[in-house]
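Working notes for the structure below.
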Amino acid sequence: SLAVPPYARQALEASAAGGHHLCLTGPHSSRIPALAAGLATLMPPLSPDHVMEVTAIHSAAGLLRSGHALITRPPFRAPHHTATRAAILGGGTATIGPGEAALAHRGVLFLHDAPEFPRDILTSLRQPLQHGEITVARAGTTTRFTAKFTLIASTALCPCRGSMDCSCSGPQARRYRARLAAELGSHIAIFLDITPPAPATASAGPAHQDADATSAERVAAARDRARHRLRDTPWQANGDIPAAQLRRSWPPTAEAFAPVSRAVDLGEISARAAHQVIRVAWTLADLAGTARPGPDECGQALAYQLGVAQ
């Protein structure tokens with residue numbers, strides 16, 4: 001059960017509903033791993049086509065359990081930062097097998113303490129984030145695995161990850177957090193600071209369970225609205241829409257988009273980040289059941305991109 005403040009719950013719902021990649025920042029003792037795992041539970045069950053895709057990948061990896069022939073829920077994969085390149089991206093000796101990125105297909109790939117992962121692994125993840133597949137080449141053989149997942153990356157506040165005797169300077173902390181932004185930041189739509197929950201909200205009682213069920217229902221309804229709007233296109237989720245098509249077919253009104261335009265003009269966000277804002281704004285509109293994003297949705301999506309949502 002997700003005992004989280006409303007602003008964080010809304011961000012998790014948006015990520016689950018629109019397929020938007022998410023970065024969570026907070027103390028090492030915070031509940032970030034639980035939040036990441038909870039995101040997968042907000043996603044609806046896999047469609048029949050996706051069940052076959054995901055099951056085939058897990059079968060190729062030899063991970064199907066006896067008596068569980070089909071995988072019907074979005075997978076959740078959380079490799080450790082010490083995992084090898086082959087373990088995350090795919091590889092092997094006799095045969096090339098899928099790695100964690102492919103095993104997360106149609107689900108969630110969680111990189112806890114993302115700046116601790118080797119730079120070459122983070123850089124290689126750009127391919128599945130952009131194209132939904134990953135290519136592995138070994139000894140003259142090239143294998144492609146579908147790997148369309150929602151990325152959740154977490155980063156601590158500083159290199160010592162919030163230890164009691166922290167002596168990290170401001171510049172050290174900024175450089176640490178900048179590692180992720182340098183490699184994958186352009187693919188991340190929602191940046192969220194997570195603080196430990198207050199004692200009054202730390203327990204997972206019936207109220208939180210009800211909230212989780214309501215969140216899952218909202219996510220399912222928002223996904224249905226997006227699929228209906230995109231029914232004549234190759235895309236199913238707002239996070240999939242290319243920038244050119246987004247500007248051509250689904251631009252917000254000038255009034256709604258005005259704060260985002262100002263942020264671009266002031267250099268607070270890039271033009272590419274502005275497209276992420278539009279995608280998230282559409283998802284927020286879908287969650288709210290409105291026909292198109294207005295000033296509130298665009299403002300909230302901009303706050304997510306700037307990492308100042310509350």
Does Arg231 reach the main-chain N or O of His228 with its side chain, forming a donor-acceptor pair under 3.5 Å? yes
Rounded distance [0.5 Å steps], OH in Tyr7 versus CG in Leu12: 10.0 Å
Using only atom types and a distance under 3.5 Å, with no angle test, would you say the side chain of Thr123 pairs donor to acceptor with the backbone of Arg119? yes
Can you give me the closest heavy-atom contact between Ser215 and Arg9, atom names plus distance? OG-NH1, 3.0 Å
Please check if Phe257 and Val264 belong to a single hydrophobic cluster, counting links between Ile, Leu, Val, Met, Phe, Trp and Tyr side chain heavy atoms closer than 4.5 Å. yes
Compare all side-chain heavy atoms of Leu125 with those of Leu89 and state whether any distance is below 4.5 angstrom. yes
Are the side chains of Arg85 and Asp120 in touch, meaning some heavy atoms are under 4.5 Å apart? yes
Do Ile269 and Leu192 belong to the same hydrophobic cluster, where Ile, Leu, Val, Met, Phe, Trp and Tyr are linked whenever their side-chain heavy atoms lie under 4.5 Å apart, directly or via other members? no
Would you kindly confirm whether Ile190 and Met43 end up in one hydrophobic cluster when ILVMFWY residues are joined by side chain heavy atoms under 4.5 Å apart? yes
Hydrophobic cluster identity match, Leu111 and Phe149, side-chain contacts under 4.5 Å: yes
Heavy-atom check, side chain of Gln245 versus side chain of Thr233, under 4.5 Å: no
Name the residue from Arg225, Arg229, Arg218, Arg279 that meets the salt bridge (charged side-chain N to carboxylate O under 4.0 Å, His left out) definition with Asp286. Arg229
Quick one: does Gln276's side chain have a donor or acceptor within less than 3.5 Å of a partner on Ser186's backbone? yes
Working for salt bridge (charged side-chain N to carboxylate O under 4.0 Å, His left out), residues Arg126 and Glu183: CA-CA 8 Å; Arg126 294 175 187 171; Glu183 303 302 333; 3.0 Å; yes
Between Ala102 and Ala147, what is the shortest heavy-atom contact and its length? CA-CB, 3.9 Å
Are the side chains of Leu103 and Ile57 in contact, using a 4.5 Å heavy-atom criterion? yes
Establish whether Leu46 and Leu70 are linked, either directly or via other cluster members, by ILVMFWY side-chain heavy-atom contacts under 4.5 Å. yes
Any donor-acceptor pair under 3.5 Å from Thr290 side chain to Ala285 backbone: yes
Donor-acceptor contact present, side-chain Arg292 to main-chain Pro251, <3.5 Å: yes
Checking the side chain of Thr41 only, and the main-chain atoms of Gly38 only, is there a donor and an acceptor separated by less than 3.5 Å? yes
Donor-acceptor contact below 3.5 Å, side chain His131 vs main chain Glu133: no
Any side-chain to backbone donor/acceptor pair from Thr150 onto Val108? Under 3.5 Å, distance only. no
Distance, nearest 0.5 Å, that separates CD of Gln300 from OG1 of Thr283: 12.5 Å
Is Asn238 close to His20 at the side-chain level, that is, under 4.5 Å between some pair of heavy atoms? yes
When rounded to the nearest 0.5 Å, the distance separating CZ of Phe110 from CG of Leu35 is 8.5 Å
If I compare all heavy atoms of Ala16 with all of Leu39, which pair ends up nearest, and what's the gap? CB-CD1, 3.5 Å
Between Ala256 and Cys298, the two heavy atoms sitting closest are O-CB, 3.2 Å
Check step by step if side-chain contact (heavy atoms from CB on, under 4.5 Å) holds for Val280 and Gln305. CA-CA 9 Å; Val280 174; Gln305 179 62 216; over 6 Å; no
Under the side-chain contact (heavy atoms from CB on, under 4.5 Å) rule, what do Arg106 and Lys148 come out as? Steps first, then yes or no, please. CA-CA 6 Å; Arg106 301 297 179 186; Lys148 184 172 180 54; 3.8 Å; yes
Evaluate Asp224 against Arg227 for salt bridge (charged side-chain N to carboxylate O under 4.0 Å, His left out), listing each step before the verdict. CA-CA 5 Å; Asp224 286 343; Arg227 276 195 295 267; 2.4 Å; yes
Report the C-alpha distance between His50 and His105 in whole Å, list the side-chain angles of each, state the deciding distance to 0.1 Å, and finish with yes or no for side-chain contact (heavy atoms from CB on, under 4.5 Å). CA-CA 9 Å; His50 293 172; His105 180 58; 5.9 Å; no
Rounded to the nearest 0.5 Å, the CZ atom of Phe191 sits from the CG atom of Leu24 at a distance of 11.0 Å
Check: Phe145 and Pro128 side chains under 4.5 Å, non-hydrogen atoms: no
Ion pair Glu268/Arg262, N-O distance below 4.0 Å: no
Side-chain heavy atoms of Glu297 within contact of Pro252, under 4.5 Å: no
Between CD1 of Ile134 and OG1 of Thr143, what distance do you get to the nearest 0.5 Å? 11.5 Å
Student check: side-chain heavy atoms of Ile278 and Trp250 closer than 4.5 Å: no
Say you draw a straight line from CD1 of Ile188 to CG of Leu22; how long is it, rounded to the nearest 0.5 Å? 8.0 Å
Where Ala301 and Val277 come nearest, the two heavy atoms and their spacing: CB-O, 3.3 Å
